[in-house]
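In what follows, a structure is listed as structure tokens, so that the remarks can point back to it.
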Amino acid sequence: HQYGVLLDGSSNNNIIYLNNLINNSNNIGIQDSVNNTFNSPTPIIYIYNGTTSTNYLGNYYHDYYGTDSEGDGIGESAYTINSNNDSYPLIAPIENYVICHLINELPYTINQSGYYILNATSYNNPDTTIPAITINADNVVLNGNGRSLDGNGDYGIYMNKSNNVIIKNLAISGFEIGIYLKHTNGANITNIRFSGEEIHNIYFDNSNNGIVKYCNMNNNLFLKGICS
């Protein structure tokens, strides 16, 4: 037999999830192995078909024919694996699911690509040089989720050498510079509301091919609006 994944020879206590198992003679085989799990160990925040949900996530199997009446991307019935089950089989390949990372504490540094949702709002740090949020990665989406990022210090959001970053749905107040972009390319800043307390709402420093739209910028202390 050929397997996508074969657990053999007392291969125990493994966790297997968020995989595509497609066109295998047997997707998963289990021989002399126990206590293996085929879904995430904890609930995951994710976006499927434009809707944000929280649930355990399993794997996608090409021969799973269950239904998804709730539209959350998870099949209603389990996928049977020998005497085991994937109780949260995915209804579509994993490329259709956007895994979200919650920002629960500030300051926060983003060092890897992904989708991030702001869940913390207040930031007051004695070291005013540390930004509330630092973005050091490419292909990042930072969704403010309609929240307000309020604080003190030099920078609300600081981007350095990051490409294709989207920042959206956020209010920013209390910082010297609301959003600072240094050596970036392809940034997209959408639906940001600034309080007007910042010296610069958005500061482009040697940054190119950016888009700024649907932002509210007014009443700056010195240089109004966008500085480049």
Side-chain angles (χ1 to χ4, degrees), residues 1-105 108-120 133 135-147 162 164-169 188:
H1 296 284
Q2 294 179 334
Y3 296 93
V5 177
L6 176 61
L7 300 164
D8 193 12
S10 296
S11 298
N12 306 324
N13 303 309
N14 299 288
I15 303 173
I16 299 168
Y17 66 102
L18 287 178
N19 302 288
N20 288 330
L21 293 144
I22 300 173
N23 296 330
N24 303 293
S25 298
N26 297 276
N27 284 322
I28 297 177
I30 303 174
Q31 300 175 5
D32 302 319
S33 303
V34 297
N35 296 328
N36 294 292
T37 304
F38 299 95
N39 56 259
S40 59
T42 58
I44 292 174
I45 300 172
Y46 65 97
I47 300 172
Y48 176 76
N49 274 352
T51 300
T52 302
S53 303
T54 302
N55 207 336
Y56 296 91
L57 294 177
N59 302 280
Y60 173 72
Y61 309 90
H62 77 279
D63 55 354
Y64 176 72
Y65 303 109
T67 59
D68 176 21
S69 61
E70 296 182 1
D72 60 0
I74 300 174
E76 306 301 327
S77 57
Y79 180 83
T80 301
I81 306 167
N82 294 7
S83 59
N84 295 262
N85 285 331
D86 181 341
S87 298
Y88 303 89
L90 305 184
I91 207 75
I94 60 174
E95 293 80 11
N96 294 276
Y97 301 76
V98 178
I99 306 305
C100 302
H101 309 276
L102 276 184
I103 299 177
N104 290 317
E105 294 183 355
Y108 190 93
T109 300
I110 298 173
N111 289 319
Q112 63 180 5
S113 302
Y115 195 104
Y116 294 80
I117 297 176
L118 183 64
N119 199 40
I133 299 174
I135 302 175
N136 291 328
D138 299 336
N139 303 312
V140 167
V141 176
L142 173 58
N143 187 350
N145 202 29
R147 293 180 176 272
S162 301
N164 304 318
V165 172
I166 297 172
I167 301 172
K168 62 181 182 178
N169 305 331
N188 186 316

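The model shown is predicted, which means the values in this text are computed figures rather than measured ones.
N36 and S11 get closest at one heavy-atom pair: ND2-O, 2.9 Å. Minimum heavy-atom separation, R147 to L118: CD-O, 3.1 Å. Heavy atoms only, all atoms of each residue included: S113 and N139 are closest at CB-O, 3.5 Å. Residues S10 and S33 share a closest heavy-atom pair of N-OG, 3.7 Å. In this structure, L18 and I94 approach most closely via the heavy-atom pair O-CD1, 3.4 Å. Of all the heavy atoms in I47 and Y115, the pair that sits closest is CD1-CZ, 3.6 Å.
Side chain of N143 to backbone of N145: a donor-acceptor contact under 3.5 angstrom is found.
Applying the side chain to side chain donor-acceptor pair (under 3.5 Å) rule to pairs touching residues 58-78 yields N19-N59, N27-D63, N59-Y61, N59-D86, Y61-D86, D63-Y79, Y64-S77, S69-E76, sequence neighbours excluded.
Here the OG1-CG distance, from T54 to L102, works out to 8.0 Å after rounding to the nearest 0.5 Å. Atom OH of Y46 sits about 10.0 Å away from atom OG1 of T52, to the nearest 0.5 Å. With rounding to the nearest 0.5 Å, the separation of CD1 in I135 from CD1 in I110 is 4.5 Å. Atom OG of S87 is separated from atom CD1 of I74 by 11.0 Å, given to the nearest 0.5 angstrom. In this structure, the separation between CG on L6 and CG on N24 is 11.5 Å, given to the nearest 0.5 Å. To the nearest 0.5 Å, atoms OH (Y116) and CG (L142) are separated by 10.0 Å.
No hydrogens or angles considered: nothing links the side chains of N164 and D138 as a donor-acceptor pair under 3.5 Å. There is no side-chain donor-acceptor pair under 3.5 Å between N12 and N35.
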As a quick check of understanding, evaluate side-chain contact (heavy atoms from CB on, under 4.5 Å) for N85 and T80, giving each step before the final call. CA-CA 5 Å; N85 285 331; T80 301; 3.5 Å; yes
Taking it one step at a time, do K168 and V141 satisfy side-chain contact (heavy atoms from CB on, under 4.5 Å)? CA-CA 8 Å; K168 62 181 182 178; V141 176; 4.1 Å; yes
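Every residue was checked against the side-chain hydrogen bond (donor to acceptor under 3.5 Å, both in side chains) condition with E105, not counting sequence neighbours, and none meets it.
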Got a list of side-chain donor-acceptor pairs under 3.5 Å for residues 37-45, not counting sequence neighbours?
from, atom 1, to, atom 2, distance (Å)
S40, OG, T42, O, 2.9
S40, OG, L57, N, 3.1

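Note: Y97 and Y48 have parallel aromatic rings, judged against thresholds of 30 and 60 degrees for the angle between ring planes.
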